[in-house]
Engineer: 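The structure is given below, and queries will be raised subsequently.
Below, read A as the first sequence line, B as the second, and so on, with proteins coming before strands; counting in each chain starts at 1. As the structure is a prediction and not an experimental result, all values here were calculated from the model.
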2 protein chains.
Amino acid sequence: MRALAPRIPTDQDYPMLTQKTRYALRALLYLIEEGHGDAVQLPRIAETQKIPRKFLELIMLDLKALGIVKSVRGPKGGYRLTRHPRGISFGEVIRGLEGPIALVPCASVNFYKRCGDCHDEATCAIRRLFVLVRDRSIDVLNSVSLEDGARWELRLTDADADNSHSGDPLAADWQI
Amino acid sequence: MRALAPRIPTDQDYPMLTQKTRYALRALLYLIEEGHGDAVQLPRIAETQKIPRKFLELIMLDLKALGIVKSVRGPKGGYRLTRHPRGISFGEVIRGLEGPIALVPCASVNFYKRCGDCHDEATCAIRRLFVLVRDRSIDVLNSVSLEDGARWELRLTDADADNSHSGDPLAADWQI
DNA sequence: GTTCACACGACCGATGCGATAGGGTTCATG
DNA sequence: CATGAACCCTATCGCATCGGTCGTGTGAAC
C-alpha cells in the first residue's frame with residue numbers, strides 16, 4: 001500500500017501568519033525595543049531586521065493606515081507608534097494585515113461567509129469545531145500586547161516594569 | 001489618510017482547512033452517520049455531499065494511505081472506516097491531509113523549520129506566541145473524535161450512546 | 001470475460017504571496 | 001529657497017499551491 005508522502009510544507013503553508021505580517025511584527029517590536037519612543041528610519045529597521053527595504057515600505061504604509069504607526073517626513077524623519085505598546089495586541093496587528101483569523105470562512109467573526117459544504121450550518125460539526133479553535137486562538141492573540149512581546153524578548157519580568165524609575169529599558173515617552 | 005481597505009477573503013485564505021480537507025471530513029462524517037458500518041460507494045458520497053467525483057477519488061485515496069479508510073474493489077465495493085470513529089480525532093485527519101497544524105514553521109511540532117526572521121529563536125515573541133496558539137488549537141482538534149462530530153450533527157446526547165441497546169443511530173459493527 | 005468500481009498519473013487554470021521597479025511627494029534643514 | 005533624505009504609491013513579475021478534470025489501469029464479482 002502506498003504511504004501518503006508527508007507534504008513538505010513551504011513558506012506558503014502558514015498563511016494566517018504570512019511573511020508580510022511576520023515582518024510587520026518584527027518591525028513593531030524593534031520600534032519598541034530599540035526606538036525608545038523616538039522616530040526610527042526605515043532603512044535602519046530594514047537592515048537590522050533583515051527585511052527587504054521596498055517590501056517594508058509597503059508594510060509600514062499598511063501599519064500607518066491601520067493607525068498603529070505614524071510617520072514623520074523629511075530628514076530626521078521615520079516611524080513611531082501612535083500609542084503605548086501596552087494598548088496594541090498581536091491580534092489587532094494580525095487581523096488588520098491578514099484579514100480573518102478564523103480558519104474556515106463560516107467560522108469567522110468579521111468575515112463570515114457560508115461555506116456551502118454542509119447541509120445544515122447550525123449542526124455542522126466542522127463549523128462547530130473550528131469556532132472552538134477560533135475562540136481559543138483569538139483569546140491568545142488578543143491577550144498579549146506588543147509590550148508583552150518586547151518584554152519576553154528582552155527577558156524582562158513584570159517587576160522591571162513596576163520599577164520603571166530604576167531604568168526599565170522599555171520606559172519611554174510614548175506620548176505622541 | 002488612506003484607509004486600509006479590508007482584504008476580502010477568498011476560499012484560499014483559510015488554508016489550514018482547505019477545501020480538500022473539508023470534503024474529507026464531510027465524507028468521513030457521512031460514512032459514520034449513514035454508512036452503518038457498511039461499505040459506501042464513492043458516487044453516493046459524492047452526490048449526497050456535493051463533492052466533485054474525481055476530486056473525491058483523490059481524497060479517499062489519501063484517507064486510505066493514512067489508514068483511516070479501507071477500500072473494497074469491484075461490484076458491491078466502496079469505502080469503510082478501518083477503526084471505530086471514537087478512535088479517530090479531527091486532528092489526525094487534518095494533520096494527515098494538511099501537514100503542519102502550526103501557523104508558523106518555527107512553531108510546528110512535526111514540521112519544525114527555522115524561520116530566520118528573528119535573531120534569537122529562544123526569545124522570539126512571535127514564535128512564543130504562536131506556540132501558545134498551536135497548543136490551544138491542537139488541544140481542541142485532538143480532543144474531538146469523528147464520533148463526537150457525528151453525534152453533534154445528529155443532535156444526539158451522550159445519553160443516547162449509553163442507551164445503545166435502545167436504538168442508537170450510531171450503533172454499528174465497526175469491526176473490520 | 002464482461003462489468004463495475006477503485007487506483008493512479010498527468011495535466012490545467014486561477015489565485016495569492018513575496019518581492020522588485022521606478023517614479024512622485026513632502027518637508028526639515030541650511 | 002534649494003537640497004536631499006525620507007516617505008508615498010502604482011504596476012508588475014515569478015513562483016507555488018489549490019481546486020478540479022481527463023484518461024487509463026487494475027482487480028474483484030457474477
Side-chain angles (χ1 to χ4, degrees), chain A residues 1-5 7-24 27 39-47 50-65 69-80 97-100 105 115-117, chain B residues 1-5 7-24 26-27 39-47 50-65 69-80 97-100 104-105 115-117:
Chain A
M1 142 131 44
R2 179 178 74 112
L4 180 55
R7 248 178 11 90
I8 298 171
T10 69
D11 287 347
Q12 313 231 358
D13 277 321
Y14 308 89
M16 183 207 229
L17 205 64
T18 57
Q19 187 71 35
K20 177 177 175 179
T21 304
R22 289 205 299 272
Y23 284 156
V40 180
Q41 289 157 5
L42 193 140
R44 188 170 144 213
I45 305 174
E47 193 176 344
K50 293 176 291 189
I51 304 173
R53 195 183 174 287
K54 296 296 279 182
F55 198 22
L56 183 57
E57 284 190 14
L58 298 183
I59 293 166
M60 299 311 286
L61 216 50
D62 283 348
L63 289 177
K64 189 183 162 189
V69 130
K70 74 178 297 189
S71 64
V72 182
R73 303 178 91 127
K76 306 265 183 190
Y79 291 95
R80 49 169 52 187
L97 292 177
E98 300 279 347
C115 66
D117 290 337
Chain B
M1 141 133 41
R2 177 179 75 110
L4 179 56
R7 247 178 12 90
I8 297 171
T10 70
D11 287 346
Q12 312 233 355
D13 276 323
Y14 308 89
M16 182 209 229
L17 206 63
T18 56
Q19 187 71 35
K20 176 178 176 180
T21 303
R22 290 203 299 272
Y23 284 156
R26 285 251 57 83
V40 180
Q41 287 161 4
L42 193 141
R44 186 169 145 214
I45 306 175
E47 193 176 344
K50 293 177 290 191
I51 305 173
R53 195 182 174 288
K54 296 299 277 182
F55 197 25
L56 183 57
E57 284 189 15
L58 299 182
I59 293 166
M60 299 312 286
L61 218 50
D62 282 348
L63 289 178
K64 187 184 160 188
V69 129
K70 72 178 299 188
S71 66
V72 182
R73 300 179 90 130
K76 305 270 180 185
Y79 294 94
R80 48 169 51 186
L97 291 177
E98 300 280 346
V104 282
C115 67
D117 290 337

Engineer: To the nearest Å, give me how far apart CE (B/Met60) and C1' (C/dA5) are.
Structural biologist: 13 Å

Engineer: Out of D/dG20, C/dA7, C/dC4, which nucleotide sits closest to the side chain of B/Tyr79?
Structural biologist: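 Among D/dG20, C/dA7, C/dC4, the one nearest the side chain of B/Tyr79 is C/dA7.
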
Engineer: Looking at B/Lys54 and D/dG23, is any side-chain donor or acceptor paired with a base atom of the opposite kind under 3.5 Å?
Structural biologist: yes

Engineer: Which whole-number value in Å describes the distance from B/Asp62 CG to C/dC6 P?
Structural biologist: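 Interatomic distance, CG of B/Asp62 to P of C/dC6: 16 Å.
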
Engineer: Taking all non-hydrogen atoms of both residues, which atom of A/Leu56 and which atom of A/Ala46 are closest, and how far apart?
Structural biologist: CD2-N, 3.6 Å

Engineer: Quick one: is B/Ser71 getting a side-chain N or O under 4.0 Å of the C/dA7 phosphate, OP1 or OP2?
Structural biologist: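 So the side chain of B/Ser71 is within the cut-off, an N or O lying under 4.0 Å from OP1 or OP2 of C/dA7.
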
Engineer: Is there a side-chain contact between B/Tyr23 and the phosphate of D/dG20, meaning an N or O under 4.0 Å from OP1 or OP2?
Structural biologist: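 Checking D/dG20 against B/Tyr23, a side-chain N or O does come within under 4.0 Å of OP1 or OP2.
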
Engineer: Take the protein atom CZ of A/Arg80 and the nucleotide atom P of D/dC7, then report the distance between them rounded to whole Å.
Structural biologist: 13 Å

Engineer: For B/Ile59 and C/dC8, what is the distance between atoms CD1 and P respectively, to the nearest whole Å?
Structural biologist: 16 Å

Engineer: Could you tell me the separation between the CG atom of A/Leu97 and the P atom of C/dC17, rounded to a whole number of Å?
Structural biologist: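 So the two atoms are 12 Å apart, to the nearest Å.
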
Engineer: Return the OH to CD1 distance between A/Tyr79 and A/Ile59, rounded to the nearest 0.5 Å.
Structural biologist: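 Here the rounded value is 10.5 Å.
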
Engineer: May I ask you to test the A/Thr18-A/Glu98 pair for a side-chain heavy-atom distance under 4.5 Å?
Structural biologist: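 SC-SC contact between A/Thr18 and A/Glu98 confirmed.
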
Engineer: To the side chain of A/Gln19, which of C/dA19, C/dA7, D/dG20 is closest?
Structural biologist: C/dA19

Engineer: Looking across every strand, which nucleic acid part, if any, lies under 4.0 Å from A/Lys20 by heavy atom: base, sugar-phosphate, or nothing?
Structural biologist: sugar-phosphate

Engineer: Taking CG from B/Leu17 and P from D/dC18, how many angstroms apart are they, rounded to a whole number?
Structural biologist: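 From B/Leu17 CG to D/dC18 P: 12 Å.
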
Engineer: Can you see whether A/Arg44 engages A/Gln41 through a side-chain donor-acceptor pair at a distance of less than 3.5 angstrom?
Structural biologist: no

Engineer: What integer distance in Å separates A/Lys64:NZ from C/dT26:C1'?
Structural biologist: 10 Å

Engineer: Can you work out whether A/Gly74 or A/Glu57 has the more 5'-proximal nearest nucleotide on DNA chain C?
Structural biologist: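 Nearest nucleotide further toward 5': that of A/Glu57.
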
Engineer: OP1 or OP2 of D/dA6 sitting under 4.0 Å from any side-chain N/O of A/Gln41?
Structural biologist: yes

Engineer: With the side chain of B/Leu42 defined as its heavy atoms from C-beta on, choose the nearest nucleotide among C/dC6, D/dG20, C/dG18.
Structural biologist: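 Nearest listed nucleotide: C/dC6.
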
Engineer: Quick check on DNA chain C: between A/Arg73 and A/Phe55, whose nearest nucleotide comes earlier from the 5' end?
Structural biologist: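 Here A/Phe55 is the residue nearer the 5' end.
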
Engineer: Closest approach to the side chain of A/Leu58, judged atom by atom: which nucleotide of C/dT3, D/dT10, D/dG20 is it?
Structural biologist: D/dT10

Engineer: So with a 6.0 Å cut-off around NZ of B/Lys76, is the heavy-atom count from everything else above 12?
Structural biologist: no

Engineer: So what does B/Pro75 touch, heavy atoms closer than 4.0 Å: a base, only the sugar-phosphate, or nothing?
Structural biologist: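 It contacts base atoms.
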
Engineer: For A/Ile51 and C/dG18, what is the distance between atoms CD1 and P respectively, to the nearest whole Å?
Structural biologist: 13 Å

